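The figures that follow rest on heavy atoms only: side chains count, while hydrogens, waters and symmetry mates do not. Please read these numbers as outputs of a predicted model, since none were measured by experiment.
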Amino acid sequence: MKKILIPLTLLTLIFLLFIIRAFSETQIDDIHPDISCPEIEKAEVLYVIPIFENQSIADNPEWCRQILSLNKTLALHGVYHTYQEFLTDRDLEYLNKGIIAFEKCFGYKPAHFKPPQLKISKNNKNLIKNNLNLDLIFNQIFHKVYHCQDTGKFSNKFIDLF
């Protein structure tokens, strides 16, 4: 009986996860005017990189208006989106660079934050949680999360299926 119960439980959990992901808001990471993003229409939540390769989103008001016109939920995705950016301890001044660029572009402060590659130090977790809602691995598990230019751990085609 135990031999049957374990696989059956596992299949049930996978099925439930599939259902949860099918009905949860879809998301897309790496939104920035300098990054091509054909999948942008697939998502309800856009995780925006405020400063990418030293180009602030605030410097492109037309792009800002275009993104706002999509009427989607917008969130912050790092500050500069460098590799494992938030494994290095940061301070509020650093975080505020991203928040200010976001606010100048969209006219309001972000409510949510996701670190690049989902990597974050304990000190940075506290910094973010004191200022924004922090989205990490459970967010990725329970939502379909696409990446502009298809650069995530799983391809966007795989995300479509599961």
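In this structure, CD1 on Ile141 lies 12.0 Å from OG on Ser24, to the nearest 0.5 angstrom. Atom-to-atom distance recorded for Cys105:SG and Leu68:CG is 6.5 Å, nearest 0.5 angstrom. Between the CD1 atom of Ile20 and the CG atom of Leu17 there is a distance of 6.0 Å, given to the nearest 0.5 Å. How far CG of Leu74 is from NE2 of His112: 11.5 Å, rounded to the nearest 0.5 Å. Atom SG of Cys37 sits about 7.5 Å away from atom CG of Leu46, to the nearest 0.5 Å. With rounding to the nearest 0.5 angstrom, the NE2 atom of His143 is 13.0 Å from the CD1 atom of Ile159.
Put simply, the side chain of Tyr80 reaches to within 4.5 Å of the side chain of Asn54, judged on heavy atoms. Within the 4.5 Å cutoff, the side chain of Pro110 has heavy atoms near those of the Ile99 side chain. At least one side-chain heavy atom of Leu134 sits less than 4.5 Å from a side-chain heavy atom of Lys125. The shortest distance between side-chain heavy atoms of Ile28 and Cys148 falls below 4.5 Å. Looking at Pro7 and Leu10, their side chains never come closer than 4.5 Å, going by heavy atoms from C-beta outward. Under the 4.5 Å side-chain criterion, counting only non-hydrogen atoms from C-beta, Ile51 is not in contact with Gln55. Taking the side chain as every heavy atom from C-beta outward, Pro115 and Leu136 approach each other to under 4.5 Å. The closest side-chain heavy-atom distance from Ile31 to Ile49 is not below 4.5 Å.
Judged by distance alone, with hydrogens and angles left aside, the side-chain atoms of Asp29 form no donor-acceptor pair with the main-chain N or O of Val145 at under 3.5 Å. Under a 3.5 Å cut-off, the side chain of Glu103 and the backbone N or O of Lys109 do not form any donor-acceptor pair. Using a distance-only test at 3.5 Å, with no hydrogens or angles considered, a donor-acceptor pair links the side chain of Lys72 to the main chain of Ala43. Side-chain N or O atoms of Asn124 include none that pairs as donor or acceptor with a backbone N or O of Ile120 at under 3.5 Å. With hydrogens and angles ignored, the 3.5 Å screen pairs no side-chain donor or acceptor of Arg21 with any backbone N or O of Phe142.
Taking the six-membered ring where tryptophan is involved, the planes of His32 and Trp63 are tilted, since the angle between them lies from 30° to 60°. Below 30°, between 30° and 60°, or above 60°: for His77 and Tyr47 the angle between ring planes is above 60°, a perpendicular geometry.
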- Might you work through the side chain to side chain contact (heavy atoms under 4.5 Å, CB included) test for Gln117 and Glu85, ending with a clear yes or no? CA-CA 9 Å; Gln117 299 86 38; Glu85 176 180 22; 5.8 Å; no

- Message: Could you go through Thr26 and Tyr146, starting from their C-alpha distance and side-chain angles, then the distance that decides it, and tell me whether this counts as side chain to side chain contact (heavy atoms under 4.5 Å, CB included)?
- Response: CA-CA 8 Å; Thr26 55; Tyr146 299 94; 4.3 Å; yes

- Task: Give the C-alpha distance, both sets of side-chain angles, the deciding distance and a yes or no for side chain to side chain contact (heavy atoms under 4.5 Å, CB included) between Leu127 and Arg90.
- Result: CA-CA 8 Å; Leu127 171 68; Arg90 306 297 181 177; 4.3 Å; yes

- Query: How far apart are the C-alpha atoms of Ile57 and Phe106, what are their side-chain angles, what is the distance that settles it, and do they pass the side chain to side chain contact (heavy atoms under 4.5 Å, CB included) test?
  - Reply: CA-CA 9 Å; Ile57 56 174; Phe106 302 120; 3.8 Å; yes

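Contact record, Pro50 with Gly78: CD-O, 3.2 Å, taken as the closest heavy-atom pair. Contact detail for Gly98 and Leu76: the closest heavy-atom pair is O-CD1, 3.8 Å. Residues Leu87 and Ser121 come closest through the heavy atom pair O-CB, 3.7 Å. The heavy-atom pair separating Asp135 from Lys114 by the smallest distance is O-CG, 3.5 Å. Contact detail for Thr82 and Pro116: the closest heavy-atom pair is O-CB, 3.9 Å.
Few gaps surround CG on Asp91; more than 12 heavy atoms of other groups in view lie less than 6.0 Å from it.
The ring of Phe23 has its center no closer than 6.0 angstrom to the ring center of Phe18. Aromatic pair Phe102/Tyr108: centroids less than 6.0 angstrom apart.
Criterion: ILVMFWY side-chain heavy atoms under 4.5 Å apart, direct or through other members. Under it, Ile67 and Ile35 are not part of a common hydrophobic cluster. Leu8 and Leu16 sit in two unconnected hydrophobic clusters of ILVMFWY residues. Membership requires side-chain heavy atoms under 4.5 Å apart, directly or through other members. Hydrophobic clustering, with ILVMFWY side chains joined whenever heavy atoms are under 4.5 angstrom apart, keeps Val48 apart from Phe52. Connection of Leu118 to Tyr83 is not established within any shared hydrophobic cluster, with ILVMFWY side chains joined at heavy-atom distances below 4.5 Å, either directly or through further cluster members. Residues Leu132 and Leu92 fall within the same hydrophobic cluster, defined by Ile, Leu, Val, Met, Phe, Trp and Tyr side chains chained together at heavy-atom separations under 4.5 Å.
Ion pairing between a basic and an acidic side chain is recognised when a charged N comes within 4.0 Å of a carboxylate O; Glu39 and Lys42 show no such pairing.
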